[in-house]
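Shown next, in structure tokens, is the structure this report addresses.
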Amino acid sequence: MPKFTRNLSSKVGLPPGTLLHVGDTRADKAYISVANYDGDGYTETKDVPLGDLKKLADMQGVTWIQVQGLTAKAIEGIGQQFTIHPLVLEDILHTNQRPKLADYGDYLCVIVKSLTVKAEIDDYEAEQVSLILGPNYVISFVESLVGGEDVLASVYERVRGGRGKICRLGADYLFYALLDSIVDHYFLVLEHLGEKIELLENQIASQPRPELLQDLHELKHDMLYLRKSIWPVRELVSVLERGETSHIKDSTVVYLRDIYDHVIQVIETVEIYRDMLSGMLDIYLSSISNRMSEVMKMLTIISTIFIPLTFIAGVYGMNFTHMPELEWEYGYPMIVSIMLFISLLMVRYFRQKKWL
Amino acid sequence: MPKFTRNLSSKVGLPPGTLLHVGDTRADKAYISVANYDGDGYTETKDVPLGDLKKLADMQGVTWIQVQGLTAKAIEGIGQQFTIHPLVLEDILHTNQRPKLADYGDYLCVIVKSLTVKAEIDDYEAEQVSLILGPNYVISFVESLVGGEDVLASVYERVRGGRGKICRLGADYLFYALLDSIVDHYFLVLEHLGEKIELLENQIASQPRPELLQDLHELKHDMLYLRKSIWPVRELVSVLERGETSHIKDSTVVYLRDIYDHVIQVIETVEIYRDMLSGMLDIYLSSISNRMSEVMKMLTIISTIFIPLTFIAGVYGMNFTHMPELEWEYGYPMIVSIMLFISLLMVRYFRQKKWL
Amino acid sequence: MPKFTRNLSSKVGLPPGTLLHVGDTRADKAYISVANYDGDGYTETKDVPLGDLKKLADMQGVTWIQVQGLTAKAIEGIGQQFTIHPLVLEDILHTNQRPKLADYGDYLCVIVKSLTVKAEIDDYEAEQVSLILGPNYVISFVESLVGGEDVLASVYERVRGGRGKICRLGADYLFYALLDSIVDHYFLVLEHLGEKIELLENQIASQPRPELLQDLHELKHDMLYLRKSIWPVRELVSVLERGETSHIKDSTVVYLRDIYDHVIQVIETVEIYRDMLSGMLDIYLSSISNRMSEVMKMLTIISTIFIPLTFIAGVYGMNFTHMPELEWEYGYPMIVSIMLFISLLMVRYFRQKKWL
Amino acid sequence: MPKFTRNLSSKVGLPPGTLLHVGDTRADKAYISVANYDGDGYTETKDVPLGDLKKLADMQGVTWIQVQGLTAKAIEGIGQQFTIHPLVLEDILHTNQRPKLADYGDYLCVIVKSLTVKAEIDDYEAEQVSLILGPNYVISFVESLVGGEDVLASVYERVRGGRGKICRLGADYLFYALLDSIVDHYFLVLEHLGEKIELLENQIASQPRPELLQDLHELKHDMLYLRKSIWPVRELVSVLERGETSHIKDSTVVYLRDIYDHVIQVIETVEIYRDMLSGMLDIYLSSISNRMSEVMKMLTIISTIFIPLTFIAGVYGMNFTHMPELEWEYGYPMIVSIMLFISLLMVRYFRQKKWL
Amino acid sequence: MPKFTRNLSSKVGLPPGTLLHVGDTRADKAYISVANYDGDGYTETKDVPLGDLKKLADMQGVTWIQVQGLTAKAIEGIGQQFTIHPLVLEDILHTNQRPKLADYGDYLCVIVKSLTVKAEIDDYEAEQVSLILGPNYVISFVESLVGGEDVLASVYERVRGGRGKICRLGADYLFYALLDSIVDHYFLVLEHLGEKIELLENQIASQPRPELLQDLHELKHDMLYLRKSIWPVRELVSVLERGETSHIKDSTVVYLRDIYDHVIQVIETVEIYRDMLSGMLDIYLSSISNRMSEVMKMLTIISTIFIPLTFIAGVYGMNFTHMPELEWEYGYPMIVSIMLFISLLMVRYFRQKKWL
């Protein structure tokens with residue numbers, strides 16, 4: 001539950017553009033590193049002071065400014081250096097943002113959720129990633145501090161390694177590569193959840209327990225969360241892919257179409273998972289009602305067989321002075337035979353009815 | 001229920017434009033205060049007579065006319081001074097209005113629901129707020145009398161304090177700030193309801209009672225009400241944000257986009273809450289059926305063990321003259337041993353079936 | 001049920017434009033009255049012969065021809081006088097029509113359902129109302145005969161009383177006023193149904209009976225009917241309100257927007273009622289299953305307590321010659337004490353399980 | 001089931017345009033008759049050889065070629081005479097076609113399902129009807145042989161009788177009249193199904209049996225089938241009605257609007273029936289569960305009253321030597337009185353609980 | 001389950017355009033054969049080396065390059081010869097692709113799922129088929145090795161046989177014929193599933209078992225899979241059919257419309273199957289609950305009849321010294337008669353209640 005409601009109200013009453021970090025990972029310091037590269041070379045400056053950023057971004061080639069950990073001070077400083085609109089800065093800091101795209105003419109801002117599977121907690125974690133694409137620079141903001149693995153790491157490796165197209169093409173391709181990496185990680189999360197669903201499905205079919213329903217419910221919440229996080233990404237990638245902004249070159253647009261296909265695939269998979277989870281509730285309920293009906297049948301069979309027999313025994317336990325059967329020599333074995341006969345009859349009846 | 005149906009029919013049969021207050025908080029008097037400000041100064045006139053309004057609104061700078069408490073007389077007076085269309089005046093007074101936007105060329109009218117959490121009743125309250133945006137003035141109408149906290153209070157503080165952008169920018173920015181404040185308060189209500197849902201979810205899982213179903217039902221009604229109140233706001237903000245009216249300057253439009261994002265987030269959260277509440281009914285029902293099945297199992301086990309035993313006891317309670325077992329010296333302990341053996345067998349069977 | 005299927009097939013096989021009255025209130029005679037008014041005066045002619053209609057409609061000012069009771073002869077006569085397309089005449093007579101708007105250039109035809117609450121049957125009644133708007137005349141057709149209250153009565157009073165705007169404005173405003181009156185009456189029906197729903201909800205929660213389910217079902221049918229009757233009205237008012245026809249002056253269009261808002265509000269309320277009614281089935285079912293589980297618990301408790309006790313009594317009712325306990329002096333009180341102890345133990349167990 | 005899947009795969013692997021009749025009514029011979037008429041006269045030629053068709057169609061006035069019974073040879077011959085596209089011919093023969101409209105410039109082809117109620121089987125029957133509209137001719141194809149009643153019969157009567165507009169207007173009006181007749185017959189089917197639903201509803205409410213569920217299920221299938229057959233008709237009539245093809249004159253378009261309204265009404269009724277059928281399952285289930293709970297109550301009451309009494313009887317059936325009550329003179333009547341008292345107490349308790 | 005999630009994450013972290021085969025049928029070698037034909041002749045070259053492809057494709061007439069089995073090497077080679085965009089090559093190899101259409105100006109690429117029924121496993125199999133349409137050539141990629149039957153075989157036969165239109169028309173017609181063959185095979189799968197559904201429906205109605213629910217669930221998964229595979233085909237055929245690409249001549253577009261109709265029919269059938277499967281769960285559940293209620297009735301009848309009788313027997317088994325009835329001469333037959341009378345009364349009551 002808190003996933004959806006957390007921090008909803010933390011900025012009510014403040015004027016728009018107020019820079020206040022809202023989120024879980026409250027960093028003391030933002031760690032900023034700048035990578036500059038073109039087809040020929042690659043330089044990287046770590047832990048850059050705020051004041052030097054603009055200068056580094058004005059260099060030739062493509063500049064990628066990585067900001068790890070969000071502090072109001074750092075965001076404000078970057079905003080001043082690159083004249084970013086206060087609302088954008090506010091959105092970057094307020095990490096409970098709906099994924100969005102905003103084109104401010106000079107630069108393009110994309111805010112999305114990155115999802116990564118954390119093996120140690122057997123769950124996925126969501127983080128807000130903001131990307132600003134300028135004419136020849138990309139600024140990326142992630143919540144987690146340096147040192148942790150993040151979804152942008154593989155792109156960083158490719159850039160640093162000087163491998164492939166990414167080094168020959170412009171800032172828009174870097175921007176695409178980062179977005180692509182984020183969307184690719186959605187598949188990992190889907191696979192993780194798919195395995196959980198498969199496991200749960202088997203458990204529910206073989207041994208339904210109320211706890212499983214709780215698990216089912218949690219998976220449904222996960223799907224709601226994924227849906228909320230990924231649907232808007234479809235929209236924003238669609239805007240980019242239709243070439244509606246001037247920041248993306250035509251040669252890169254074809255790659256964005258690829259992301260678009262991936263996002264659609266992610267959404268379809270989420271919808272299929274949702275359908276599956278709904279179906280599983282039916283299986284659970286019918287499994288439970290099956291067991292109940294098994295219990296009931298047991299009760300019915302035992303009762304139905306013994307109640308009449310007990311009645312007969314009761315009759316011959318009556319203390320009437322004049323009960324001729326009681327004095328018959330073979331009265332007892334006769335009655336016992338009758339009882340046996342009745343119970344056999346009943347068993348046959350149940351067999352016929354397929355209850356046994 | 002009354003939330004939805006109240007006052008539906010109170011004006012049937014009257015000609016359009018009839019000014020008649022329809023709503024709960026029937027004020028005897030409308031309290032009107034006028035604030036005028038620009039970048040340099042701020043003046044405020046309290047309890048202004050109707051006749052002076054136009055004159056005050058014609059002053060330099062931005063004029064904000066706050067009307068607290070709705071009376072037909074006041075609304076009519078303001079309508080005459082600012083030549084407002086009778087239908088607008090009617091809508092302002094008829095407080096069971098659907099949120100709407102109307103552009104009358106000279107001015108823009110927005111009617112929305114403001115929602116505020118009232119701690120003392122542990123519930124939220126809805127109130128109709130109407131805003132009229134003219135060239136250099138904003139008129140705001142709220143139902144509640146002066147003195148109560150209202151959703152516009154924080155904007156009032158910012159204007160009076162002379163802080164920030166709001167004082168340097170025009171009437172359209174004030175209009176935006178008021179709308180933003182109203183939408184921001186939706187998050188507080190969502191948070192309040194989110195907590196209620198979380199609490200209810202825990203109660204339903206741990207200890208399902210029919211009363212909880214009633215609570216669940218009420219929360220569902222709340223969601224229907226929120227939906228009805230907020231969906232049209234999305235539409236109207238969307239119209240404003242697309243810059244389809246001339247009343248909003250381009251520099252303000254970017255802020256309206258921010259409100260639009262917030263409204264979308266509110267709507268998404270309401271939809272997620274609705275999904276959650278639906279899921280909770282399933283949990284409740286399966287919780288109940290679980291308990292029932294536990295009760296049934298108890299009954300079955302006890303019955304199934306004792307019914308055959310009672311039958312055996314019945315048999316040896318029969319009064320036949322010739323029942324050899326009755327005279328055996330160890331007949332009694334033998335039968336008791338058989339009974340014990342049967343019951344152990346049954347317990348083992350139940351263990352096997354996982355019923356015990 | 002018949003509400004939906006009635007008269008579906010009554011005209012199959014006839015050529016289009018065949019004038020045949022299809023409906024419930026089969027009138028022998030159509031009663032036609034003509035009112036003519038402008039800002040200065042008002043004249044009314046009752047029971048006008050068909051041949052005089054055109055002449056009266058050509059007078060100065062606005063002419064309102066009220067037709068009460070539908071006969072093929074009258075409709076045909078009016079059609080000839082005003083050269084109305086045969087399909088329009090057919091639709092007016094065939095009172096199981098879907099609400100529709102048709103613009104034939106010279107005149108505009110609107111066919112809608114009017115809904116009125118009939119206190120004496122504690123239900124609402126539907127009637128087809130057709131309006132034809134010409135350059136300076138309006139023809140209104142209602143099924144019910146003169147004398148009954150109809151939804152147009154309040155407009156008639158306003159016109160006759162010479163009150164307000166309606167007398168100063170043209171035929172299009174009269175047309176609007178009639179449509180507005182019809183839509184306003186929807187609110188009365190909604191309020192009536194809202195009260196029924198509220199009552200039913202209370203009954204279901206407090207004392208669920210199968211009959212209530214029948215009531216619930218009927219209310220659902222009512223909602224289906226309302227939906228079918230009102231959704232198309234939204235469309236047609238939307239066409240009028242967007243000013244797509246030349247028959248409505250711009251000054252009147254703003255009033256039509258008001259109707260549009262009302263229709264939307266009606267539709268939303270119907271949808272909310274539908275949601276509520278769906279929720280009520282859940283409450284009913286869980287109410288029933290609650291009662292059932294209460295009954296089951298009772299059975300279980302009684303059975304579980306007495307079955308073992310009865311078994312013990314059975315044991316000591318056996319007639320074995322050698323049963324030492326039977327001869328013990330305190331055998332009887334001891335066994336009774338054991339029975340008491342067992343039952344107390346059970347009660348405690350049930351208390352623990354919260355079944356008692 | 002077969003209704004939906006039949007003949008799905010019968011042409012897999014064949015090249016497009018292969019003429020192969022696919023359907024139920026396999027005719028040996030196609031019976032072709034040609035009617036030619038204008039305002040002045042009417043001539044009809046029966047059993048026309050394929051070679052003469054073109055010549056007859058080139059006559060003055062409107063020519064209606066009726067083809068009854070589909071054979072590959074006849075369709076191919078007609079195709080050659082009128083140069084019809086092979087795909088159209090294939091579609092006419094393959095009678096499991098989705099309703100469709102195709103405009104080939106020279107002619108317009110419409111394929112729809114006609115539905116007729118067959119009283120003798122108490123069910124409706126579907127048949128594929130194809131219409132080709134050329135400049136001055138209409139070719140109609142029906143599956144059933146001559147002699148059977150078909151949906152086009154009433155139009156045929158009107159044409160032959162020389163009555164009304166149909167004889168004065170062109171081929172497009174004939175085309176409209178045929179389509180109108182087909183759509184009109186949908187209402188008959190709806191009425192037939194409506195009566196079935198009403199009957200079923202009453203049966204389910206009064207006496208729920210599992211067989212009724214089967215009926216309910218079949219009606220649901222019928223609705224799926226109707227939906228599948230009629231939804232595409234809406235689309236195609238909408239294309240015609242918007243005047244998007246040159247084959248329909250403006251004077252006829254207004255009549256097509258009428259068909260459009262009818263189709264919408266049919267679709268709405270189907271949707272309402274679907275809603276009703278869904279609701280009926282709820283009624284059925286709650287009816288069943290009601291009966292079950294009645295049975296359970298019976299069991300509970302009997303058990304709860306007699307189990308304690310039987311226990312008491314059991315106690316005094318014990319054979320202890322020292323049971324003072326047994327020797328009391330009024331022991332027996334006392335115990336019986338106690339039993340009576342307990343049972344009265346129980347009955348009162350059940351009354352209170354409203355179980356009796 | 002694995003159907004949906006398989007290989008989702010296998011390429012995460014790799015740069016776009018990386019050629020890596022992802023799928024089940026991992027072929028060691030790609031088998032390439034080239035067919036060249038025009039109206040006059042047909043030549044076929046089997047097992048063509050990669051280097052010769054371009055040369056063969058430049059020949060007169062239409063060239064069809066069939067690639068069976070996917071290896072990264074072969075795809076890369078073909079890509080270089082025909083200058084195909086790396087993303088297309090990647091998509092062809094990554095066989096868990098969403099169906100898609102991409103127009104790269106020089107060529108058109110379509111990737112779809114082909115579905116074929118495998119009789120030996122009584123199930124259908126999905127395979128990815130990619131088609132590239134150039135000016136005068138078509139390249140088709142299938143996963144399965146040569147020798148297996150594939151969906152393109154019937155087209156191959158037609159081309160080789162020199163039969164019909166296909167040999168006279170261009171590459172776009174070949175492209176259409178291949179797509180048509182793939183879509184036609186969907187009908188075979190639908191028919192196969194339709195039979196399974198029909199069988200399951202009968203089983204569920206006659207003899208509900210929990211295993212059937214598992215089958216039902218699997219069929220639902222199949223429907224989800226079909227839906228996921230076929231919906232995008234609708235979109236892409238729609239793009240082709242609207243003539244939005246220059247690769248398809250107008251004469252071929254009319255045939256694509258035919259495919260479009262088929263795809264719509266497939267989709268509608270899938271939706272109908274889904275509706276049916278949902279309905280079957282209801283039947284299953286009510287079937288189960290019916291059986292349960294039958295069991296309960298049995299228990300109730302037996303208990304209700306015998307419990308009071310056993311009580312009476314118990315009363316006369318009491319050992320009171322003073323029980324006058326016990327000494328009566330006809331006490332025993334009297335009591336037995338009373339018991340008989342009571343049981344007859346009960347049976348009559350049950351008959352009345354329709355429980356027997």
At a heavy-atom separation under 4.5 Å, does A:Asp91 approach chain B through its side chain, its backbone, both, or neither? side chain
Check each atom of B:Asp258 against the heavy atoms of chain A and say whether the ones under 4.5 Å are side chain, backbone, both or neither. side chain
Under 4.5 Å to a heavy atom of chain B? For A:Leu87 that would be side chain
Part of A:Trp231 lying under 4.5 Å from any heavy atom of chain B: neither
Are the side chains of A:Val110 and A:Ser130 in contact, using a 4.5 Å heavy-atom criterion? no
Between B:His262 and B:Phe187, is the ring centroid distance below 6.0 Å? yes
Measuring from A:Gln128:CD to A:Ser229:OG, what's the distance to the nearest 0.5 Å? 10.5 Å
Contact origin within A:Arg209 toward chain B - heavy atom pairs under 4.5 Å: neither
Considering only heavy atoms, which portion of A:Tyr284 lies under 4.5 Å from any heavy atom of chain B: side chain, backbone, both, or neither? side chain
Atom OG1 of B:Thr116 and atom NE2 of B:His192: how far apart are they, to the nearest 0.5 Å? 11.0 Å
Atom CZ of residue position B:Arg348 - does it have more than 12 heavy atoms of other residues, nucleotides or ligands inside 6.0 Å? no
If you tally heavy-atom pairs under 4.5 Å between each of B:Gly314, B:Pro324, B:Pro308, B:Ala177 and chain A, the highest tally belongs to B:Pro308
B:Asp261 side, atom CG; B:Leu256 side, atom CG - distance, nearest 0.5 Å: 11.0 Å
Within-4.5 Å side-chain heavy-atom neighbours: B:Lys249 and B:Tyr176: no
Heavy-atom pairs under 4.5 Å with chain A, option from B:Ile264, B:Asp180, B:Val155, B:Val189 with the top count: B:Ile264
Under 4.5 Å from any heavy atom of chain B - which part of A:Met339: side chain
May I ask you to name which of B:Val183, B:Ile307, B:Ile312, B:Leu193 has the most heavy-atom pairs under 4.5 Å with chain A? B:Ile307
Side chain, backbone, both or neither: which part of A:Ile335 has a non-hydrogen atom closer than 4.5 Å to chain B? side chain
